[in-house]
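So the structure is just underneath, and the comments pick up after that.
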Number of protein chains: 2
Amino acid sequence: MQHVSPDSCPLAAPEPPSERSDAARNRLRILAAAQELFDTHGVESVSMDRIAAEAGVGKGTLFRRFGSKAGLAAALLDTQDSRLQERILFDPPPLGPDAPARDRILAFFDAYLDLVDDNLELLRLSETAAPGARYRIGSYGFWRVHLALMLREACPDLDADCTAHLLLAPLDSDLQHALRQGQFTPDRIRGTLLTLVKRVIAD
Amino acid sequence: MQHVSPDSCPLAAPEPPSERSDAARNRLRILAAAQELFDTHGVESVSMDRIAAEAGVGKGTLFRRFGSKAGLAAALLDTQDSRLQERILFDPPPLGPDAPARDRILAFFDAYLDLVDDNLELLRLSETAAPGARYRIGSYGFWRVHLALMLREACPDLDADCTAHLLLAPLDSDLQHALRQGQFTPDRIRGTLLTLVKRVIAD
DNA sequence: CCCGTAAACGGACTGCGGTCCGATTGGGGG
DNA sequence: CCCCCAATCGGACCGCAGTCCGTTTACGGG
């Protein structure tokens with residue numbers, strides 16, 4: 001969920017110490033039920049009780065496994081997050097290695113906005129369920145570290161670590177949601193954000 | 001709360017249509033009790049029930065008046081918000097009128113960070129109590145409009161309205177809180193943010 | 001001074017996210 | 001094949017934010 005090592009994805013690769021068969025069955029049931037209910041009724045109006053009922057498990061099982069509603073959302077997002085992380089590590093330029101840092105930064109923002117466009121509701125659930133949740137999620141750490149590395153290379157005179165945090169702020173799902181609710185189209189947001197980032201990382 | 005017209009501040013100037021005396025008394029009691037409890041026990045661990053009990057009013061009264069826990073926080077912040085709004089409108093340059101737009105933008109970010117330093121917990125409560133709360137609060141609209149006006153003047157080639165939203169994102173109280181929890185000092189955040197803004201609004 | 005009414009009051013109530021702990025069950029060792 | 005125990009299960013339970021509605025009260029007009 002948070003790193004890219006193989007065992008980091010609880011959905012695709014349960015850890016070797018073997019998961020009991022009923023546990024595995026219930027995990028899949030829960031994820032399927034949650035996906036189904038979220039798609040049908042919208043993320044906001046589906047309660048954890050209902051997910052548990054639909055999955056045919058007890059509430060305790062649901063919470064032991066995913067910790068919170070935000071954790072459940074994070075698990076559902078994990079596939080997409082991991083895919084983007086792998087693309088950053090292995091894809092051809094400009095998103096992957098061997099491109100100038102400035103290009104990789106812009107490509108990252110562009111790719112992340114795709115992810116936002118496709119998963120806004122789930123992102124919002126995972127980031128706003130509890131205060132500070134966004135900054136504790138594993139994938140946030142990945143984006144931050146990647147961006148800081150690129151910034152260090154592209155703009156040695158900036159405080160890369162701190163700037164990385166600040167530059168990620170406009171990607172906040174709650175802001176992106178608010179903008180889309182208002183008069184702003186995804187394309188307009190994308191264009192403006194990329195322009196802004198360009199100016200920050202210009203010589 | 002949202003504008004600067006005299007009757008916009010529910011604390012300092014109740015609207016002329018006369019407020020019943022018991023209502024006024026209870027409003028003051030609630031605000032005093034909330035301030036006291038927040039200062040003593042921290043914002044997070046004070047429940048609305050407790051505030052109502054401490055103020056000697058029913059829960060219904062509390063919610064009819066302030067709408068939500070976030071609304072209560074907004075009321076407590078109103079004094080500070082209004083003060084900054086007035087300073088922006090009437091103070092001498094560079095924060096007030098008659099300074100170059102670029103200088104006013106930087107002065108605004110600097111002044112807002114002072115407000116953050118002094119009221120982080122309340123800001124966080126008002127902005128994270130419900131998804132999207134930050135962008136519905138009246139004062140957010142003020143900052144956004146002001147910044148957009150200045151941007152239009154300073155950088156005519158930018159999409160001022162959209163850029164204003166994106167530039168305000170790093171001021172999100174939840175991010176500011178997370179940064180301060182981590183390795184970042186207020187001064188470091190301030191310096192980095194001002195540098196970032198400078199780059200965005202550079203020629 | 002009293003009375004009618006519109007407004008304010010307040011606590012019981014709901015549904016939520018999240019916790020706890022006794023009951024249940026899977027699966028390796030004897 | 002059975003037994004045991006650690007891991008899992010599941011629903012009763014908690015405190016919370018927020019709602020509802022019958023009751024009380026302020027106050028302007030008669």
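Note that the structure is predicted; figures quoted are calculated from it, not measured. Lettering of chains follows the sequences in order, A, B, ..., and the numbering in each one begins at 1.
The shortest side-chain heavy-atom distance between A/Arg134 and A/Leu171 falls under the 4.5 Å cut-off.
B/Ile51 has its CD1 atom 16 Å from the C1' atom of C/dG10, to the nearest Å. Going from atom CG of B/Asp22 over to atom P of D/dT23 covers 19 Å, rounded to whole Å. Rounded to a whole Å, the CG atom of B/Asn26 is 12 Å from the C1' atom of D/dA26. Rounded to whole Å, the distance from CZ on B/Phe63 to C1' on C/dG10 is 13 Å. Counting to the nearest Å, the C1' atom of D/dG15 and the NZ atom of B/Lys69 are 12 Å from each other. Between B/Arg64 atom CZ and C/dA7 atom P the separation is 12 Å, expressed in whole Å. A/Phe66 has its CZ atom 14 Å from the C1' atom of D/dT8, to the nearest Å. As rounded to whole Å, 14 Å separates atom C1' of D/dC9 from atom CD of A/Glu19.
Between B/Leu37 and B/Val46, the closest heavy-atom pair is O-CG2, 3.6 Å. Counting all heavy atoms, side chain and backbone alike, A/Leu147 lies closest to A/Ala164 at CD2-O, 3.7 Å.
A residue-by-residue look at B/Gly60 and B/Ser21 shows that B/Gly60 has its nearest nucleotide of DNA chain D further toward the 5' end. For the pair B/Ala23 and A/Met48, nearest-nucleotide mapping onto DNA chain C gives the more 5' position to B/Ala23. Both B/Arg20 and B/Ser47 lie near DNA chain D, and the one whose nearest nucleotide falls closer to the 5' end is B/Ser47.
Judged by distance alone, with hydrogens and angles left aside, B/Lys59 brings no side-chain donor or acceptor close enough to the base of C/dA12 to form a pair under 3.5 Å.
When ring centroids are compared, A/Tyr135 and B/His177 stay outside the 6.0 Å threshold.
Considering only side-chain N and O atoms, A/Ser68 lies nowhere under 4.0 angstrom from the phosphate OP1 or OP2 of C/dG17.
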